[in-house]
Amino acid sequence: MVERLLGRHGAVEDHRDDPVSAVWAHVQQARNLKRPHTLELLKAMADEFIELHGDRLFGDDTAIVAGLARIAGRRIVVVGFQKGQDTEENIRRNFGLPHPDGYRKAMRVMDLAERFSMPILTFVDVQGAFPGAAAEERGIAEAIAKSVGLMTRLRTPIVVVITGEGGSGGALGLAVGDTIIALENSIYSVISPEGCATILWRSGEQSHEAATAMKVTAGEQQELGIVDIVIPEPGDGAHTDPVETARRIKEVVLERLDVLGRMTIDELVEARFQKFRVMGPYVVADRPTPPQERASITDRLRGLLSTRPSMPSMPGGGHDVPPGREEV
Amino acid sequence: MPVRLPFRPRRDAYPPDLWTKCPGCAEMLFNKQLDKTLRVCPHCGHHFRISARMRVEQLVDQGSFVERDADLAPVDTLGFVDLKSYPDRLLAAQLSTGLRDAAVWGVAAMGGKRISLCVMDFFFIGGSMGSVVGEKVARAGEAAVAERIPLLIVSSSGGARMQEGTYSLMQLVKTMSVVERVKAARVPFISVMTDPTTGGVFASFAVVGDVNLAEPNALIRFAGDRVSAGTIGEELPPGYARAEFWISHGFVDRIVARAKLRDEIVSLLGFLIAPINGPTEPAPNPTSRPRAFFSALTGALSPDSNGESHPADTAAPRGGTTNG
Ligand SMILES: [Zn+2]
């Protein structure tokens with residue numbers, strides 16, 4: 001796992017004929033630590049950046065950076081995840097895995113954006129929130145929930161750019177906005193492919209299949225309506241030309257801020273609310289639901305045979321954990 | 001003590017439809033007796049997981065629950081297949097629980113007070129939150145705002161449902177956006193966390209109740225064991241991330257045994273009362289940028305500037321990120 005955190009993935013597999021391998025190559029590309037992160041992108045995009053530190057509650061999380069940027073002459077609040085590009089920086093930045101302090105710093109600085117009429121730009125590239133006790137016991141769940149909630153109602157435009165890994169709730173904590181942009185080789189998922197494989201396939205070996213099944217690539221996420229705009233990457237990927245990558249992001253972000261800036265704040269906030277309010281398809285039954293149409297007779301019989309009374313008695317021995325849960 | 005049935009072969013001594021072994025103390029418990037104690041072990045206090053329907057029955061005034069949107073059903077947009085297909089998993093869960101998805105919501109009365117209630121069902125794919133569960137939580141919240149009645153959510157969930165991919169992740173946003181409106185409207189929200197409340201359910205509506213209650217020993221955590229162990233190889237102490245742990249870390253207000261849960265909620269509802277005329281200062285959608293700027297400042301500096309006497313935390317719900 002440390003190998004993965006350090007971005008050592010071994011040779012990229014030949015994926016020309018195999019869709020699962022192609023998806024996995026995409027995942028590896030998204031995780032390439034040489035990709036530009038928030039500070040590298042800002043260096044290329046911003047005329048000025050004043051980083052602000054600390055959550056005013058506990059500390060300063062180095063895995064999330066936040067501050068005031070001037071981009072093309074505009075005042076913009078920027079918040080983003082910061083992985084390191086080498087081992088030393090990665091250790092300093094906790095491998096880009098944020099604690100609650102990071103999200104609380106982000107909220108503090110995003111609040112400045114609302115109060116001083118600046119739009120918000122976030123850069124998302126994170127495997128997930130730090131999964132250890134230090135984050136859990138200080139309320140990583142609460143920090144993410146509050147940050148998501150804040151971003152749904154902030155009265156200023158928010159543009160989100162997923163630049164690498166959009167990893168689960170940890171990513172979502174900075175990924176609520178009016179426009180969701182993704183770099184071509186980025187991914188977005190409800191759980192890491194490894195975590196999904198461990199739970200659903202009962203083996204981490206199936207991470208490639210899990211990534212494929214979850215439709216994690218930027219293009220697929222756009223088709224699902226989660227991502228609004230996909231920005232093509234230069235050359236063999238963002239890491240081969242960070243400056244050109246930043247230029248392309250800058251162009252799209254400024255264009256989006258223009259569009260969003262023409263809306264009244266009420267329209268903007270209501271549109272953002274509606275955008276997420278309608279996400280996630282469901283059907284109203286009485287029409288037959290797809291599951292019932294697809295199931296074979298044997299499946300139905302098997303299901304019927306396993307029918308329990310509405311109050312099933314628990315098998316002894318603690319936790320039964322049906323598949324289908326998310327762990328990060 | 002369990003009643004021992006004489007003269008019967010050992011393997012038939014405890015037919016599983018009549019007896020349940022307590023995972024807390026290993027006693028064999030007679031199911032009918034267990035139902036009378038609200039599915040709590042009379043020997044050790046172990047709280048068994050219960051279905052959404054049983055939870056509703058235990059909490060609300062008898063016969064007062066009117067379910068809404070029971071016809072919402074999930075769809076397999078991704079065509080998700082792991083060891084089984086998602087439609088197969090759904091069908092099995094639907095047949096075994098009698099539910100279309102892992103949450104039930106409706107309006108009911110508790111102690112004579114009308115509430116909006118949403119209850120999750122762990123027996124339906126681990127209570128996982130996909131689009132239907134998120135939608136039901138959101139509708140429960142919206143009904144609470146529309147009718148100005150308290151919102152009560154009882155969570156029992158492993159987190160977001162992987163088979164619906166990022167749509168499930170987006171349910172965190174959907175539910176939180178509605179909870180923010182509940183709070184802005186000054187409608188009370190009581191969150192009850194039962195075993196287990198983990199992942200994306202803990203990291204959205206469940207953790208942000210005006211009052212957070214938890215059942216004894218309920219597992220409540222964001223990151224799962226396998227994720228923690230796999231990523232950082234950390235040893236976790238016994239009792240880690242149980243309800244009592246969250247009392248000492250400040251994210252749960254009270255641990256309430258199931259037998260007292262109903263009365264405790266009724267008591268809380270006697271204090272947390274939505275103002276009849278709704279929010280005074282923070283209209284949910286004030287009009288312009290200058291006003292947002294101005295009211296955020298006045299909200300922060302002078303919560304009572306509108307002449308109302310009320311706590312600062314309800315006066316400035318928009319800009320306030322005070323405790324993050
Ligand atoms: Zn017991």
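Nothing here was measured: the structure is a model prediction, and the numbers come from that model. Excluded from the calculations below are hydrogen atoms, water molecules and symmetry mates; all remaining heavy atoms, backbone and side chain alike, are included.
A salt bridge links Arg39(B) and Asp35(B); the closest N-O separation between the charged side-chain nitrogens and carboxylate oxygens is under 4.0 Å. Between Asp195(B) and Arg49(B) there is a salt bridge, since at least one side-chain N of the basic residue sits less than 4.0 Å from a carboxylate O of the acidic one. Salt-bridge annotation for Glu142(A) and Arg104(A): present, with a side-chain N of the basic residue lying under 4.0 Å from a carboxylate O of the acidic one. By the 4.0 Å N-to-carboxylate-O rule, Glu270(A) lies too far from Arg277(A) to be salt-bridged with it.
The greatest number of non-hydrogen atom pairs below 4.5 Å with chain B, out of Val278(A), Leu224(A), Thr212(A), is found for Leu224(A). Of the residues considered (Val207(B), Thr77(B), Val173(B)), Val173(B) shows the highest number of contacts with chain A, using heavy-atom pairs under 4.5 Å. Chain A forms the most heavy-atom pairs under 4.5 Å with one residue out of Met176(B), Glu135(B), Glu164(B), Met170(B), and that residue is Glu135(B). For the set Gly149(A), Gly139(A), Pro100(A), the entry with the most heavy-atom pairs within less than 4.5 Å of chain B is Gly149(A). The residue among Glu209(A), Glu267(A), Gln221(A), Met151(A) with the most heavy atom pairs within less than 4.5 Å of chain B is Gln221(A). Contact count against chain A (heavy-atom pairs under 4.5 Å) is highest for Leu72(B) among Leu72(B), Leu34(B), Ile220(B).
When heavy atoms are compared at a cutoff of 4.5 Å, Phe202(B) approaches chain A by way of both its backbone and its side chain. Contacts between Glu136(A) and chain B at a heavy-atom distance below 4.5 Å involve backbone atoms as well as side-chain atoms. For chain A, no part of Phe124(B) is nearby; none of its heavy atoms comes within less than 4.5 Å. If you measure heavy-atom distances from Ile226(A) to chain B, the contacts under 4.5 Å come from the side chain alone. In this structure, the portion of Arg138(A) lying under 4.5 Å from any heavy atom of chain B is its backbone and not its side chain. Contact of Arg55(B) with chain A is not made at all, since no heavy-atom distance falls under 4.5 Å.
Thr152(A) is linked by a side chain to side chain donor-acceptor pair (under 3.5 Å) to nothing, counting only residues two or more places apart in sequence or in another chain.
If you check the side chains of Thr217(A) and Glu220(A), you find a donor sitting under 3.5 Å from an acceptor.
Under the 3.5 Å distance criterion, the side-chain polar atoms of Arg221(B) are left unmatched by any main-chain donor or acceptor of Ala241(B).
Taking every heavy atom of both residues into account, Gly173(A) and Val148(A) meet most closely at CA-CG2, 4.0 Å.
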